[in-house]
Visitor: 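Got a structure for you, written out below as structure tokens; questions coming shortly.
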2 protein chains.
Amino acid sequence: MYQTGDVRKQAQAAKTATIELSLLKSDVKARILLAMAEGILAEKETILTANAKDMEHGKEHGLKASFLDRLLLTEDRLKGIAEGLRQVAALPDPVGEILSGCTRPNGLTITKVRVPIGLIGIIYEARPNVTADAVALCIRSGNAVILKGGSEALASNKAMSDVLIRAGEKEGLPQGAVQFVNTSDRGAVDELIHLDKLVDVVIPRGSKGLIQTVVKNASVPVIETGAGVCHTYVDEYANVDMAVEIAYNAKVNRPSTCNAMETLLVHKNIADKFMPKMLAKYQEAKVTIIGDEPTQKFGQDIQPATEEDWATEYGDLRLSVKIVDSMAEAIAHIRKYSTGHSEAIVTDNYENARAFQSLVDAAAVYVNASTRFTDGFEFGFGAEIGISTQKLHARGPMALPELTTVKYLINGNGQIRK
Amino acid sequence: MYQTGDVRKQAQAAKTATIELSLLKSDVKARILLAMAEGILAEKETILTANAKDMEHGKEHGLKASFLDRLLLTEDRLKGIAEGLRQVAALPDPVGEILSGCTRPNGLTITKVRVPIGLIGIIYEARPNVTADAVALCIRSGNAVILKGGSEALASNKAMSDVLIRAGEKEGLPQGAVQFVNTSDRGAVDELIHLDKLVDVVIPRGSKGLIQTVVKNASVPVIETGAGVCHTYVDEYANVDMAVEIAYNAKVNRPSTCNAMETLLVHKNIADKFMPKMLAKYQEAKVTIIGDEPTQKFGQDIQPATEEDWATEYGDLRLSVKIVDSMAEAIAHIRKYSTGHSEAIVTDNYENARAFQSLVDAAAVYVNASTRFTDGFEFGFGAEIGISTQKLHARGPMALPELTTVKYLINGNGQIRK
């Protein structure tokens, strides 16, 4: 049974490990991750047995099929997870990178170098693969990690983290560096997000509800991830066929993701050409359309969009559509309702493309491409711990460099200040 | 009279200005700052008259001489402030800098570019020069700013900001971009630090009390600055004369600053040679020494240091001293009590220098130099808005780049995600 103070003890053990972790050589960290990958395959039965328990429990409690699918582990999925660990092992180590420096007139040399942040808390939900992902990214970047997963995946996550720790320690993972909070008690989350001076940052991963709870209540620093009310604006100068393909992809490809589109903005001068094609295509995919008055003229069953609709991240096959008089109106709409995640314009007009990209304030601003590309892998980072929708520290997809901070090293030979 | 909602209105006006501000060309921003410098000199009488009012009020209310000195403006000080504005005008504009980018296999180009953060709140105390400094740094980096100064300097700050706005607007400063909160009502601070989604970050500048109040209570993002329990460790392999000079400078040069030393750690093997010279020198400067038992053997009037002493930022001519058995003990002490600001070792031993710099977790880690150099100007940044003692977003002296965030621009020709 969880008792207040348990998480603090785990965090203290992890914090102690940060010293050794920060000194680990790059190849040792890579070997630890490779050993973890091996461990997952070697002990797959243990993990799958634990997962079967979670699945059974989930079915008994009537969890949705989509939820159970996220929870499910199979031999193939474990192979994928192991491959993910190997990929992170192969990424360049950000720690020790010298970012800039100078020699001052008084002879002092000042060097700005990347160092690990320290102890990172990850609070997540159903997917047990996050356990391995988070451990890989934190350890590769020299950080200790404390994991608090969803209660529905408790057995799976516990088995997975046990395997990772066992395998990692054989290759030099410092004791205590990876901590798994083995409880479903909600008090544990509350304790974790209040461990000031011990936990350097918490990154919540999962539903909007989870993220907002952590952001609102934490006293430790938090990186907010994943809120995505994303727009695609079809400019009057858009290539209609390209616009249809992009807007279709942005909504339909994987509607549950944070980089999927929620609102389509269409310039009135192109609406007559664009809307019938677009709506026919959405109909094939069974997308429910709601919209403003001008939009409703393009279909009998289009319900009116409310003020709330414009601000909602549906996460499913529901789309709000607005016909605008100008690009300025589109941008004003985006400024009002965007969560600053990903926004796109489809246009063949050079000036409009440039203006849209400079006027829209978001982590990722696209011209003639689907917002679905906002992702650490699609951006070529080789990994992703989340997509930051805040402006401080990190913005957009976060990978290894975003799990580091800096330190100034100043070397002299007796300099004192006048 | 201040009414709840007043600050929100000001922040909304400033937020509106952020769009235009983010588009201002570099030379326009520079001209705005130069005009502000001119304005200060041209309207010096207005500012000095307002300052005389604050000074009189301060004397009536029995403010300390040191406080009144910080509050005082003179013609010379105004010239210095104007010169500061000109220097910031001459600094490279961080906005628009392309930090990295790539072309992906699918043909998408991804460009990471620096953009302004948006609206920055500055909460500060007695020094009216902060008004001009903060405006210069925020405007140069394309940000709007909302200023809340100390009540003792209200008239001075109001006069200064009026002059800056008037002069700036002649050269294209967008209306509303600089907001001064013209009240002594404490409710205004409380309102400012709770303007979520409107104020992008608040930077408190001033006493520890002010900073902690803001950090603890704000719901908007805060950058914590300035807490400095800084140590100097005199290694057994130190050059004794150099160590005396550095430790003297770190304590005595300007004890009220955050980069001044509070605790001196001395290796036992060098104590007999080092301590008598050091204490004699501190005596000249009337430094009060407190210390652990071994330290007390070096002077009759050395009082014992308490647990609280080790964690205290004195900010005056008071110093706690500890004799340690090893570098490891010194580092452990620093880990326990440091605020992560600036730490120094004095040594001629190469391995110890390297080990100290990698094992000590602080914004600035020195070898053979005074901690007093942690400062934006001394680091060659040409400016400083504060010294961050947190690990996220910015660490150490913050100048223009630290007042920016990033944005990814993604350009394609119809790419959709598979």
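Just so we're clear, the structure is a prediction, and the values are computed from it rather than from any experiment. Here is how names work: the chains are called A, B, and so on, in the same order as the sequence lines, proteins then strands, and each is numbered from 1.
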Visitor: Which one wins on heavy-atom pair count under 4.5 Å against chain B: A/N368, A/T371, A/L23, A/D200?
Guide: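 Among the listed options, the one with the most contacts to chain B is A/N368.
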Visitor: Check each atom of A/A364 against the heavy atoms of chain B and say whether the ones under 4.5 Å are side chain, backbone, both or neither.
Guide: both
Visitor: Does any heavy atom of chain B fall under 4.5 Å from the side chain of A/K216, the backbone, both, or neither of them?
Guide: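 It is neither, since no heavy atom gets under 4.5 Å.
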Visitor: Over 60° means perpendicular and under 30° means parallel, so tell me whether B/Y337 and B/H333 are parallel, tilted or perpendicular.
Guide: tilted
Visitor: Let me know if B/D375 has heavy atoms under 4.5 Å from chain A in its side chain, its backbone, both or neither.
Guide: side chain
Visitor: Side chain to side chain contact (heavy atoms under 4.5 Å, CB included) for A/I387 and A/C258? Distances and angles first, verdict last.
Guide: CA-CA 9 Å; A/I387 297 171; A/C258 58; 4.0 Å; yes
Visitor: Could you look at A/N106 and say if it's the side chain, the backbone, both or neither that has a heavy atom under 4.5 Å from chain B?
Guide: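 The answer is the side chain of A/N106.
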Visitor: Within a strict 4.5 Å, meaning less than it, do heavy atoms of the B/L400 and B/F381 side chains meet?
Guide: no
Visitor: At a 4.5 Å cut-off on heavy atoms, which part of A/R335 comes close to chain B: side chain, backbone, both, or neither?
Guide: side chain
Visitor: For chain A, which candidate among B/A394, B/A369, B/A353, B/P397 shows the most heavy-atom pairs at distances under 4.5 Å?
Guide: B/A369
Visitor: Below 4.5 Å, heavy-atom pairs only: which of B/G396, B/A250, B/G380 has the largest tally toward chain A?
Guide: B/G380
Visitor: Among A/N249, A/I223, A/D348, A/T405, single out the residue with the greatest number of heavy-atom pairs under 4.5 Å to chain B.
Guide: A/N249
Visitor: Determine the option with the most heavy-atom pairs under 4.5 angstrom with chain A, choosing from B/C102, B/S370, B/G96, B/G412.
Guide: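 That would be B/G412.
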Visitor: Determine, step by step, whether A/N143 and A/L119 satisfy the side chain to side chain contact (heavy atoms under 4.5 Å, CB included) criterion, reporting the C-alpha distance in whole Å, the side-chain angles of both residues, the deciding distance to 0.1 Å, and the verdict.
Guide: CA-CA 6 Å; A/N143 294 290; A/L119 173 55; over 6 Å; no
Visitor: Do you know which of B/S358, B/P105, B/G340 has the most heavy-atom pairs with chain A at a distance under 4.5 angstrom?
Guide: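 The candidate making the most pairs under 4.5 Å is B/S358.
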Visitor: Under 3.5 Å, is there a donor-acceptor pair between the A/Y366 and A/T374 side chains?
Guide: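 Indeed, the side chains of A/Y366 and A/T374 share at least one donor-acceptor pair under 3.5 Å.
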Visitor: Could you go through the side chain to side chain contact (heavy atoms under 4.5 Å, CB included) check for B/D235 and B/V346 one step at a time?
Guide: CA-CA 6 Å; B/D235 189 41; B/V346 185; over 6 Å; no
Visitor: Which answer fits A/N411, side chain, backbone, both or neither, if we ask what part of it has an atom under 4.5 Å from a heavy atom of chain B?
Guide: both
Visitor: Can you tell me which portion of A/V360 sits under 4.5 Å from chain B's heavy atoms? Options are side chain, backbone, both or neither.
Guide: backbone
Visitor: Less than 4.5 Å to any heavy atom of chain A: does that hold for the side chain of B/A362, its backbone, both, or neither?
Guide: backbone
Visitor: Taking side chain as everything from C-beta outward and backbone as N, CA, C, O, which of these in A/D196 sits under 4.5 Å from a heavy atom of chain B? Side chain, backbone, both or neither.
Guide: neither
Visitor: Chain A heavy atoms under 4.5 Å from B/I110: which part of the residue, side chain, backbone, both or neither?
Guide: side chain
Visitor: Does any backbone or side-chain atom of A/L409 lie under 4.5 Å from a heavy atom of chain B? Answer side chain, backbone, both or neither.
Guide: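 Contact with chain B is through both the backbone and side chain of A/L409.
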Visitor: Top residue by heavy-atom pair count (under 4.5 Å) with chain A, among B/G118, B/P221, B/G414?
Guide: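 Top count of heavy-atom pairs under 4.5 Å with chain A: B/G414.
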Visitor: Give, as side chain, backbone, both or neither, the part of A/I117 having an atom under 4.5 angstrom from any heavy atom of chain B.
Guide: both
Visitor: Please determine, among A/Q390, A/Q357, A/M242, the option with the most heavy-atom pairs under 4.5 Å with chain B.
Guide: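 Most heavy-atom pairs under 4.5 Å with chain B: A/Q357.
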Visitor: Any side-chain heavy atom of B/V229 sitting closer than 4.5 Å to one from B/H341?
Guide: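 With C-beta onward as the side chain, the pair stays apart.
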Visitor: Less than 3.5 Å apart, any donor N or O on the side chain of B/E343 or B/S338 sitting next to an acceptor on the other?
Guide: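 Per modelled atom types, B/E343 and B/S338 side chains form a pair under 3.5 Å.
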Visitor: Do the side chains of B/D361 and B/K391 get close enough for a salt bridge, i.e. N-O under 4.0 angstrom?
Guide: yes
Visitor: Can you confirm whether B/V201 sits close enough to B/V220 that some side-chain heavy atom of one is under 4.5 Å from a side-chain heavy atom of the other?
Guide: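 B/V201 vs B/V220: side chains apart.
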Visitor: If only atom types and distance count, is the side chain of A/H393 paired as donor or acceptor with the main-chain N or O of B/H393 below 3.5 Å?
Guide: yes
Visitor: Should the pair A/K281 and A/Y248 be classed as cation-pi, given the thresholds of under 6.0 Å to the six-membered ring centre and 45° from the axis?
Guide: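 Yes, A/K281 lies over the aromatic ring of A/Y248.
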Visitor: Does B/R417 come within less than 4.0 Å of A/E378, counting only side-chain N to carboxylate O?
Guide: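 A salt bridge links B/R417 with A/E378.
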Visitor: Heavy-atom distances under 4.5 Å only: say whether A/L392 touches chain B with side chain, backbone, both or neither.
Guide: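 Contact with chain B is through both the backbone and side chain of A/L392.
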